[in-house]
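Labels below follow one simple rule: chain letters A, B, ... track the order of the sequence lines, proteins then strands, and each chain is numbered from 1. Here the structure is a predicted model, which is why all the values come from computation and not from measurement.
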Amino acid sequence: MGTFLIANKVLLPEMLVFLMSLLTLMAGVFLPTRMRESSALVFAQTALWGAIALAFWGMLAGTVTLFSGTVVVDHLAFTLKVLSYVTASGVCFYAHAYLKAMKMPVLEFYVLTLLSVLGLSALLSANHFITLFVGLELMSMPLYAMIALRRHRSDCLEAALKYFVIGAMATGILLYGIALLYGATHTLGFPDVANAIPVAMHGHHLLMSFALVFITIGIAFKLGIVPCHMWLPDVYEGAPTIMTMMVATLAKIAALGMLLRLLVSVMPALFAEWQPLLMVLVVLSLFVGNVTAVKQANLKRLLAYSSIAQLSYLLLGVFTGTTAGYSAAMFYLATYVLTTLAAFALIMCFRREDGEEAVDIADYAGLFQHHPWHAVMFAIVMFSLAGMPPFVGFIAKLQIFQALLQTGPFWLVIYALLLTVVAAYYYIAVVKVMFFDESQTPLRKVSLGLGNGLLTLNALGVVMLGVQPSGLLTWLSL
Amino acid sequence: MIDVQTLTFFAFSGLLLLSAGGVVFSRHAVSSVMFLILCFLCSTVLWLMLHAEFLGLALLFVYVGAVMTLFLFVVMMLNVKIDATKARLLKYFPFVLVLGGGLVTMLWLALGPDAFSIKKTGVLAFSEHYNNTRAIGEVMYTQFVIPLELTAGILLVAMVAAIALTFRGSQQRRVQDTPKQLMASKANNLRIVSMASEHEGGE
């Protein structure tokens, strides 16, 4: 009975999210039409903020392993879960007015978002490959469907289909890796596999390397790291911007969670194998991401390529193999998510004359003259992504480089720094267009409803955390 | 000398592979579905050989009996022409062969058949009181209850998403479409027909 109570306390956030998603679904059936959409938002926010409170309460019990070791709630799971609840809450606030304007089904959006968050938090709490896999599926399925919710647009359908097919393939690759690992260790629970790997190393070294490669590539697909990045720009461009925001934040939290869980907790014995693997991925992604982004004329594509580069800094943190590196990667993820939320929310604010979303960089020429505050917020976001002080992106990159300098190799630090300079060029080029170019036709600004206030907070948060990062840094350190 | 078990195993796994190929390469969507059913039948036999009666029968009853029937119905209703896609499939087939073949060869060279420490065993033996269904139920509702609930969540997602993506509002309701009414114009709604004029009170 005692175990049962602890089980309830620790898993209360997930239970609340599941329950509220069902309630939201029922609200669509039983509430009068005029109340449906706003009550769905209220339900979603209640679920997410309630889950945050419950997660903090549950964490007082310390690390807990449940259900014969299929689920674990530890510091990694807890922090990433809270981060994903906060992110999802932000997405829901930004979404409300946008969904109506884009004629997307509002209620289903919230239901699917909550279910996706449920899958994500199960994945983060997984202590067994089965839980991990089912959580991953529950997280990804709603994302595929939600991209297609703007179903009268062929580019949205194309993006949804691409994301679905690539996602299915990545899942297949990951699953194949898990199967090979099972073949070598004859067990699926994370602690058991971690214990079995050093023993199995003697007989099945090659088999283990194969499993490692497949698992890492599977995660690389989810992260969108070179050479598994081909889907990313098309999906970012084609998806409705609110969904791009979600794919760029929630899916990345899942990928880092899996990476830390699988490589660091399950396969520390294979460190000598996965470190070079990550190095190849990082070196390729830094180059391809940053250099390709320079030539982009579409802002969403630019952010897609920039995300490839940004996430490779995150991989650099994991690459170091030290606790400082992992903590730096966690901090980097949190700041990246915060900045990305603001970036896509800003894109959602503007429409062209014909009512289409303004996605070309050229559309934003002379934005400062008409909408000075939004132009300033854009500048904050871009400078932060470029890693300039005093914004939070600078602190994040600083942490990564500090961790990397401790372990080396030194040439990798130089290489990453050089490509950061390239990155600064294209981020600042966007700011230059907004502040100094002559505007052709002024953009129409649309209200994000409650999202307007949040956007200001979000952009100020990018500055404030850059000035005062210590609280978040301590909280996220592993 | 080949015993019956080995013979059955190779016969049905061979048939499984052939029918899986049939699913991909058959000319007609309906025959693809038929091949898929054959696939499931073969896997049922393989599962039964492993004493996994519950899984085997569930596959037979649920998939072959219910799901595939619905699937066949949908495929017949849609009447998909897949000849065009077939041509593209054939165009990429060499790449698939090279990549897939390369991967399999690499796996074979690196791992070999003894990597998984597979030993040829006879038919698995269980005690008289062993109950496959009970064994599955016991782990499913204790250790794996969380993944089970999450799977239920996946099914819910599938349902919500399918409805959200296909439901286009009620078609039967008699309601006024105000924008449509306001857009009404003479050009669209009024047809002027020229005809010979009628004579009034002719005869």
Side-chain angles (χ1 to χ4, degrees), chain A residues 7 11 14-15 17-18 21-22 25 28 66-71 104-105 107-109 111-112 114-116 118-119 122-123 125-126 128-146 148-149 151 157 160 176 180 182-184 186 189 200 203-204 206-207 209-210, chain B residues 20 24 55 85 88-89 92 95-96 99-100 102-119 121 135-170 173 175 177 179:
Chain A
L11 290 180
E14 283 82 0
M15 286 156 86
V17 170
F18 202 7
S21 74
L22 298 180
L25 208 54
L66 294 165
F67 295 107
S68 321
T70 45
V71 174
M104 283 159 73
L107 241 132
E108 286 84 347
F109 179 88
V111 175
L112 291 174
L114 286 182
L115 287 171
S116 180
L118 174 72
L123 175 141
S125 268
H128 193 280
F129 274 112
I130 301 280
T131 321
L132 177 101
F133 181 71
V134 177
L136 177 66
E137 285 300 281
L138 183 54
M139 188 214 70
S140 324
M141 293 286 176
L143 293 184
Y144 305 143
M146 281 151 87
L149 276 184
R151 60 192 175 202
L157 293 180
Y176 194 52
L180 286 177
Y182 178 70
H186 298 279
H204 305 303
L206 260 174
L207 183 62
S209 308
F210 256 84
Chain B
V24 182
L55 291 177
T85 48
R88 256 185 304 168
L89 190 75
Y92 291 119
F95 294 100
V96 176
L99 284 177
L103 192 64
V104 169
T105 325
M106 224 157 67
L107 267 173
W108 186 262
L109 287 179
L111 307 175
D114 50 25
F116 295 96
S117 47
I118 298 170
K119 290 174 202 73
T121 51
I136 289 178
E138 267 170 8
V139 288
M140 204 152 89
Y141 290 98
T142 54
Q143 191 187 357
F144 293 108
V145 69
I146 294 286
L148 183 74
E149 294 295 328
L150 292 174
T151 316
I154 295 179
L155 293 181
L156 180 68
V157 165
M159 196 168 80
V160 172
I163 293 173
L165 290 180
T166 51
F167 183 62
R168 275 151 215 275
S170 183
R173 281 189 311 176
V175 285
D177 189 354

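- Looking only at side-chain heavy atoms (C-beta outward), Ile146(B) and Leu66(A) stay at 4.5 Å or farther from each other.
- For Ala145(A) against Ala161(B), the heavy-atom pair with the smallest separation is CB-CB, 3.4 Å.
- Nearest heavy-atom pair, Phe144(B) versus His128(A), reported as atom, atom and distance to 0.1 Å: CE2-CE1, 3.4 Å.
- Closest heavy-atom contact between Leu149(A) and Pro105(A): CD2-CG, 3.7 Å.
- To the nearest 0.5 angstrom, Leu114(A) atom CG is 11.0 Å from Phe18(A) atom CZ.
- Taking 4.5 Å as the heavy-atom cut-off, the residues of residues 147-155 of chain B that approach chain A are Pro147(B), Glu149(B), Leu150(B), Thr151(B), Gly153(B), Ile154(B), ordered by number.
- Listed here is the closest heavy atom pair of Ala164(B) and Arg151(A): O-NH1, 3.0 Å.
- Looking at Phe133(A), there are no atoms closer than 4.5 Å to chain B (heavy atoms on both sides), in backbone or side chain.
- For Leu107(A), no part lies under 4.5 angstrom from a heavy atom of chain B.
- Heavy atoms only, all atoms of each residue included: Leu207(A) and Gly183(A) are closest at CD2-C, 4.4 Å.
- Looking at Leu138(A), the atoms closer than 4.5 Å to chain B (heavy atoms on both sides) sit in the backbone and in the side chain alike.
- Interface residue Val157(B): backbone and side-chain heavy atoms are both found under 4.5 Å from chain A.
- Under the 3.5 Å distance criterion, the side-chain polar atoms of Thr131(A) are matched with a main-chain donor or acceptor of Thr70(A).
- Neither the backbone nor the side chain of Leu132(A) comes within contact range of chain B; no heavy atoms are under 4.5 Å apart.
- In this structure, the portion of Leu112(A) lying under 4.5 Å from any heavy atom of chain B is its side chain and not its backbone.
- Leu156(B) is listed as a side-chain neighbour of Leu22(A), based on a closest heavy-atom distance under 4.5 Å.
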